[in-house]
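First up is the structure itself, then whatever we jot down about it.
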Amino acid sequence: MYNLTERNVVLGVTGSIAAYKTADLASKLTQAGARVDVVMSSEATRFVSPLTFEGVTGRRAYSDMFDTPPGAAELHIELARRADILVVAPAAATSLARLALGLAEEMVSLTALATRAPMVVCPAMDSQMFEHAATQANLEILRARGVHIVGPEEGRLASGQMGRGRLSEVETILGAVRQALGRDGDLAGKKVVVSAGGTREAIDPVRFISNHSSGKMGFALAEAARDRGADVSLVSTVTTMPCPYGVALAPVETVAQMREAVLAACREADVLIMAAAVSDYRPAERAEQKVKKGPERWALDLVKNPDFLLEVPDGLVKVGFAAESEELLANARQKLQAKRLDLIAANNIAAEGSGFGTDTNKVTLLSPDGDEDDLPLMSKYDVAGRILDRVVQMLEGKARR
Ligand code: PMT
C-alpha cells in the first residue's frame with residue numbers, strides 16, 4: 001500500500017487549461033486510498049466543472065469561499081487544518097503570485113495561507129509567462145519557504161508553441177506527493193542504495209549475455225524507500241521505465257559499471273539492497289565486429305565477474321536477493337553467509353506470479369540468526385515494504401549498539 005492510504009490531500013486547482021489533467025490526478029490519488037478534497041479558484045471553474053472532481057473523488061469540490069454551512073467552522077480553515085498535504089496543480093501564473101504574496105483571494109490561496117501542511121506546487125503556463133522575472137521571483141519565494149516545485153516540463157503548449165510550461169505528468173506529481181508525505185518517515189535522513197535490472201555483457205556490437213530481470217523489484221524498493229523519507233540512489237540497467245520521482249539514477253550496463261556505481265554510492269550510504277540480477281560470467285573478449293555465422297558449434301569463452309557485494313565495506317545494512325529455481329532456502333542461506341549479508345530475500349522464481357518481470361513476488365526473508373519469514377505472494381511494492389521494515393529494525397539495532 002502506498003503512503004497515500006487514509007491521508008488527507010487537499011488538491012488546489014487554478015486557472016489553466018491543464019486543469020483537465022488534474023481530474024486524472026484526483027482520480028489516481030483517490031484510487032491510492034487518499035481522501036481528496038478539491039478546492040478550485042473561480043478561474044479554474046471556467047476550464048473544468050467542480051462536478052468532474054466530485055465524480056472522481058466522491059467528495060464535494062469547493063470553489064466558493066463563502067459556502068460554509070451556518071454554525072460550521074470556516075471551510076478553508078477546516079480543510080487547511082486536517083490536510084496532510086496541499087497540492088496545487090495546475091498552478092497558473094496568477095496563482096503563483098497569490099501564493100508567494102499570501103493574497104488569500106479565493107479558495108486555493110485562502111487554504112494555502114491557512115495550512116501548515118507541506119505543499120507541492122506544479123506550475124503550468126505559457127513559456128513566456130513562466131520565464132518572466134516576476135514568475136521566477138515568485139517561485140524563488142515559494143522554494144525558500146520549503147514548497148516543493150514540480151515542473152513545468154518542456155513540450156507543446158496551449159498556444160501551439162514549443163517551450164517550458166507544460167504541467168508535469170500525473171505520475172511525476174504523484175511521486176512528488178508521495179515523497180513529500182514520506183519526508184518524516186522512518187528512513188528520513190538515511191541514504192539507501194538499490195540496484196535493479198539485469199546486467200548486459202557484450203559478445204560483439206550486436207549480441208550480449210543477460211537475463212530476464214525487468215528492474216521492477218529494484219524500482220519498487222527505490223520507490224518504497226523514498227516514500228519512507230530515504231535519500232535513494234538507484235543503480236539500474238533499465239532505461240525503459242521512468243526513474244521514480246526524487247530518486248537519483250545511475251544508469252549502467254555491465255557488471256564492471258554496476259560495481260563501480262554501487263561502490264561509489266555506498267561510500268556515503270546506510271543501506272544497500274541488491275535486487276539486480278548480476279551476470280556471474282562475461283565473455284573473455286568482446287569482438288570488435290559482428291561475429292559472422294560459421295561452424296555448426298561455437299564455444300564462447302567466459303570469465304568470472306567480481307562478486308562486489310563482498311567488497312562493500314562493513315557498517316552498512318546489506319540486503320541481497322537470491323533468485324532460485326530449486327533448493328530455494330538452502331541456496332539462499334548459503335549466499336547469505338558467503339556474501340556476509342544482514343538479510344537475503346530468497347526469491348522463488350518457480351512460483352506463479354513470482355520472480356522475473358512480474359508485478360508480484362514471493363520471497364522468504366532469511367537472516368543470519370536463522371530466522372525465516374515466509375511472505376505470501378504480494379505486490380513488489382509491498383515486498384519492498386516488508387524488506388524495509390526489517391532494514392529499519394536493523395538500523396535501530398545498530399544505533400543502539
Ligand atoms: O527485475 P525483476 O523482473 O523485478 O526481477 C526481480 C529479480 C528476480 C531479479 C530479483 O527479485 C532477484 O531475485 N534478484 C537476485 C538475482 C540473483 O539470483 O542473484 P544471484 O543469486 O546471482 O546473486 C545473489 C546476490 O548477490 C544478489 O543480491 C546479487 O545482486 C549479488 N551479486 C551477484 C553477483 C555478483 N557478481 N555480484 C553481486 O553483488
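Just follow the structure's listing: the first ligand is 1, and inside any ligand the first atom is 1. Note that this is a predicted model, so its numbers are computed, not measured. Positions are given from 1 along the sequence.
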Q) Short list, please: which atoms of ligand 1 are under 4.0 Å from a heavy atom of Pro306? A) 35 (C), 36 (N), 37 (N)
(Q) Can you name the atoms of ligand 1, numbered from 1 with element, that are less than 4.0 Å from a heavy atom of Gly357? (A) 2 (P), 3 (O)
Q: Taking the side chain as every heavy atom from C-beta outward, state whether Leu157 and Arg166 have any pair of such atoms under 4.5 Å apart.
A: yes
Q. Roughly how far, to the nearest 0.5 Å, is CG of Asp24 from CG of Leu174?
A. 8.5 Å
Q. Under a 4.0 Å heavy-atom limit, does Leu309 contact ligand 1 with its side chain, its backbone, both, or neither?
A. both
**Q.** salt_bridge(Arg386, Asp382) N-O dist < 4.0 Å
**A.** no
(Q) Does any part of the side chain of Asp84, heavy atoms only, come nearer than 4.5 Å to the side chain of Val9, both counted from C-beta? (A) no
Q: Just need the protein heavy atom nearest to atom 37 (N) of ligand 1, so name the residue and atom and give the distance.
A: Asp307 OD1, 3.2 Å
Q | Side-chain heavy-atom pair Met107, Ser41 within 4.5 angstrom cut-off | A | no
Q.
Can you tell me if Val255 contacts ligand 1 (heavy atom of the residue under 4.0 Å from the ligand)?
A. no
Q) In ligand 1, which numbered atoms sit nearer than 4.0 Å to a non-hydrogen atom of Gly320? A) 28 (O)
Q.
Please list the nearest protein heavy atom to atom 34 (C) of ligand 1 with its residue and the distance rounded to 0.1 Å.
A. Val278 CB, 3.5 Å
Q: Could you check atom 6 (C) of ligand 1 against the protein and tell me its nearest heavy-atom contact, residue, atom and distance included?
A: Met217 CB, 3.7 Å
Q: Answer whether the closest heavy-atom distance between the side chains of Phe321 and Ile344 falls below 4.5 Å.
A: no
Q: Give yes if a backbone or side-chain nitrogen or oxygen of Ser213 is under 3.5 Å from a nitrogen or oxygen of ligand 1, and no if not.
A: yes
Q. Short list, please: which atoms of ligand 1 are under 4.0 Å from a heavy atom of Gly215?
A. 1 (O), 2 (P), 3 (O)
Q | Close side-chain approach of Leu234 to Pro244, heavy-atom, < 4.5 Å | A | yes
Q: Answer yes when Asp359 and Lys380 have at least one side-chain N-carboxylate O distance shorter than 4.0 Å, and no when they do not.
A: no
Q: With atom 26 (O) of ligand 1 as the reference point, say which of Lys380, Arg282, Met274, Lys339 has the nearest heavy atom.
A: Lys339
Q: List the steps, then state whether side chain to side chain donor-acceptor pair (under 3.5 Å) holds for Ser159 with Gln161.
A: CA-CA 5 Å; Ser159 61; Gln161 304 287 313; 5.2 Å; no
Q) Out of Lys335, Lys318, Lys362, Arg259, who gets a non-hydrogen atom closest to atom 21 (O) of ligand 1? A) Lys335
Q. Mind checking whether Val193 and Ile273 have side chains closer than 4.5 Å, heavy atoms only?
A. no
Q. Which residue owns the protein heavy atom closest to atom 15 (C) of ligand 1, what's the atom, and how far is it?
A. Phe321 CB, 3.4 Å
Q: Looking only at distances, please establish whether an N/O atom of ligand 1 is found under 3.5 Å from an N/O atom of Ile349.
A: no
Q.
Looking at ligand 1, is there an atom of it that comes within less than 4.0 Å of some heavy atom belonging to Ser195?
A. no
**Q.** Numbered atoms of ligand 1 (with element) below 4.0 Å of Asp280, judged on heavy atoms
**A.** 34 (C)
Q | Selection from Ser279, Ala345, Ser325, Ala323 by shortest heavy-atom distance to atom 17 (C) of ligand 1 | A | Ala323
Q. In terms of side-chain geometry, is the basic nitrogen of Glu223 or Arg178 positioned less than 4.0 Å from the acidic oxygen of its partner?
A. yes
Q) Under 4.0 Å between a Lys/Arg side-chain N and an Asp/Glu carboxylate O for Glu105 and Arg98? A) yes
(Q) Please list, in number order, the atoms of ligand 1 under 4.0 Å from a heavy atom of Lys216. (A) 1 (O), 2 (P), 4 (O)
Q: Check Ser214 against ligand 1 and report side chain, backbone, both or neither, counting heavy atoms closer than 4.0 Å.
A: both
Q) Any donor-acceptor pair under 3.5 Å linking the side chain of Lys318 with the backbone of Leu343? A) no
Q | Which of the ligand 1 atoms, numbered from 1, are nearer than 4.0 Å to a heavy atom of Asn347 | A | 8 (C), 10 (C), 11 (O), 12 (C), 13 (O)
Q) Polar-atom distance check: Asn305 versus ligand 1, any N or O pair below 3.5 Å? A) no
Q.
Ring of Phe308, cation from Arg259 - is the NZ or CZ under 6.0 Å from the centre and inside 45° of the axis?
A. no
(Q) For ligand 1 and Ala275, I'd like to know whether there is a polar contact (N/O to N/O, distance under 3.5 Å). (A) yes
(Q) Need the ligand 1 atom indices (1-based, order shown) with element for anything under 4.0 Å from a heavy-atom of Ala276. (A) 14 (N), 15 (C), 16 (C), 29 (C), 30 (O)
